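Each residue takes its place number in the sequence, starting with 1. Every heavy atom of this structure was used, including side-chain atoms; hydrogens, water molecules and symmetry mates were not. Everything quoted here is computed from the prediction, not taken from an experiment. We count ligands from 1, going down the list as the structure has it; atoms in each ligand are counted the same way.
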Amino acid sequence: MLTNSVGIPMKRIGVLISGRGTNLQALIDAQKRGEISGEIAVVISNKSKAYGLERARSANIKTEIVTKKTHPIREEHDKRVVELLKQYNVDFVVLAGYMRLITEHLINPFQNRIINIHPSLLPSFPGIDAQKQALEYGVKITGCTTHIVTLDMDAGPIILQEYVPVFDTDTRDTLAERILEKEHEILVETVQLLCEDRIRVTGRITKITGE
Ligand code: GRF
């Protein structure tokens, strides 16, 4: 069992992805730099060709694939993911660009232990293409949010947020790129808070202890 510098067991992190995995990469890099006192125990993808799987393999992290094809029934899909997370002894789960709605079969066994990163200042612009939604709405400030995952999509208790300005010249992609940089920062910060067991959740309010 890996321990940190004061002999406390390192938290084991499960990361769920669907795509390119830059948020996963931010976690891998932070782990290498010693900025998170946890280890990524497994990366699970619902897409067999997700580039994030390559990133995990290059970092010698175990990978698993659970797809719609292998598990067409939503309940069975989530149950298989839970089985794997338990098999790898995962303490908490990070949705890092996991483009799939999850059910109570995954949420209940990991109550308050699943987090998501979303590219807007929630509760504004939940759901897909939050950056495009922000541009089309005409907001001058947007950002990103980490939150606890509940059954309601993008609506769980907020952990950290960071703002990002919107410029007149922005396209969806330039805005997404600027938000992404901040996503990587707050995701790493949030994961470290989880590793240190410093997030308390009461109703929909989170508090960070030891500040
Ligand atoms: C990020 O913008 C994240 O907020 C959203 O999906 C995107 C995933 O990007 N949920 P990546 O796969 O981590 O590069």
Side-chain angles (χ1 to χ4, degrees), residues 13-32 35-36 38 40 42-59 61 63-67 78 81 92-103 106-107 114-137 139 141-166 170-194:
I13 309 162
V15 183
L16 270 49
I17 61 161
S18 300
R20 64 191 166 164
T22 66
N23 278 289
L24 166 66
Q25 189 67 53
L27 293 177
I28 293 172
D29 294 344
Q31 185 184 319
K32 278 191 192 141
E35 285 174 15
I36 49 177
I40 303 171
V42 63
V43 170
I44 305 176
S45 175
N46 69 323
K47 300 281 177 195
S48 55
K49 294 199 170 73
Y51 183 66
L53 288 169
E54 298 299 322
R55 296 177 189 270
R57 288 180 195 124
S58 306
I61 296 168
T63 60
E64 299 284 350
I65 297 167
V66 184
T67 68
D78 279 3
V81 171
F92 62 85
V93 181
V94 178
L95 308 187
Y98 190 58
M99 305 304 283
R100 205 188 142 84
L101 287 179
I102 65 175
T103 67
L106 175 49
I107 292 175
I114 308 177
I115 62 153
N116 182 39
I117 173 85
H118 183 77
S120 76
L121 289 176
L122 290 170
S124 291
F125 315 127
I128 56 163
D129 219 340
Q131 303 93 334
K132 184 160 172 260
Q133 293 185 53
L135 267 187
E136 288 179 354
Y137 197 92
V139 292
I141 293 173
T142 183
C144 49
T145 304
T146 54
H147 66 92
I148 304 279
V149 174
T150 58
L151 274 178
D152 301 319
M153 188 188 54
D154 297 332
I158 289 169
I159 306 170
L160 295 180
Q161 293 189 298
E162 187 58 78
Y163 74 90
V164 171
V166 181
D170 266 332
T171 62
R172 187 245 168 236
D173 289 348
T174 58
L175 180 58
E177 191 57 39
R178 194 174 315 113
I179 296 172
L180 201 58
E181 280 177 33
K182 294 292 177 192
E183 287 184 39
H184 297 164
E185 288 176 21
I186 66 166
L187 185 61
V188 168
E189 223 177 300
T190 304
V191 165
Q192 177 57 358
L193 288 171
L194 282 164

Return the set of residues passing side chain to side chain donor-acceptor pair (under 3.5 Å) with [X] (not counting sequence neighbours), or none when no residue passes.
X	result
Ser124	none
Glu181	none
Thr190	Thr146

Can you tell me if Gln25 and Asp29 form a side-chain donor-acceptor pair at under 3.5 Å?
yes
With a 6.0 Å cut-off (strictly less than), is the heavy-atom count around CD of Glu54, excluding the residue itself, greater than 12?
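More than 12 within 6.0 Å, yes.
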As a test of reading the model: which N/O atoms of the protein lie under 3.5 Å from N/O atoms of ligand 1, and at what distance?
{"residue": "ligand 1", "atom": "2 (O)", "partner": "Glu183", "partner atom": "OE1", "Å": "3.2"}
{"residue": "ligand 1", "atom": "2 (O)", "partner": "Glu183", "partner atom": "OE2", "Å": "3.0"}
{"residue": "ligand 1", "atom": "4 (O)", "partner": "Ile117", "partner atom": "O", "Å": "3.3"}
{"residue": "ligand 1", "atom": "4 (O)", "partner": "Glu183", "partner atom": "OE1", "Å": "2.7"}
{"residue": "ligand 1", "atom": "4 (O)", "partner": "Glu183", "partner atom": "OE2", "Å": "3.4"}
{"residue": "ligand 1", "atom": "9 (O)", "partner": "Arg20", "partner atom": "NH2", "Å": "3.3"}
{"residue": "ligand 1", "atom": "10 (N)", "partner": "Ile117", "partner atom": "O", "Å": "3.2"}
{"residue": "ligand 1", "atom": "12 (O)", "partner": "Gly21", "partner atom": "N", "Å": "2.9"}
{"residue": "ligand 1", "atom": "13 (O)", "partner": "Thr22", "partner atom": "N", "Å": "3.3"}
{"residue": "ligand 1", "atom": "13 (O)", "partner": "Asn23", "partner atom": "N", "Å": "2.9"}
{"residue": "ligand 1", "atom": "13 (O)", "partner": "Asn23", "partner atom": "ND2", "Å": "2.9"}
{"residue": "ligand 1", "atom": "14 (O)", "partner": "Arg20", "partner atom": "NE", "Å": "2.7"}
{"residue": "ligand 1", "atom": "14 (O)", "partner": "Thr22", "partner atom": "N", "Å": "2.8"}
{"residue": "ligand 1", "atom": "14 (O)", "partner": "Thr22", "partner atom": "OG1", "Å": "2.6"}

Is any side-chain heavy atom of Val43 closer than 4.5 Å to a side-chain heavy atom of Leu24?
yes
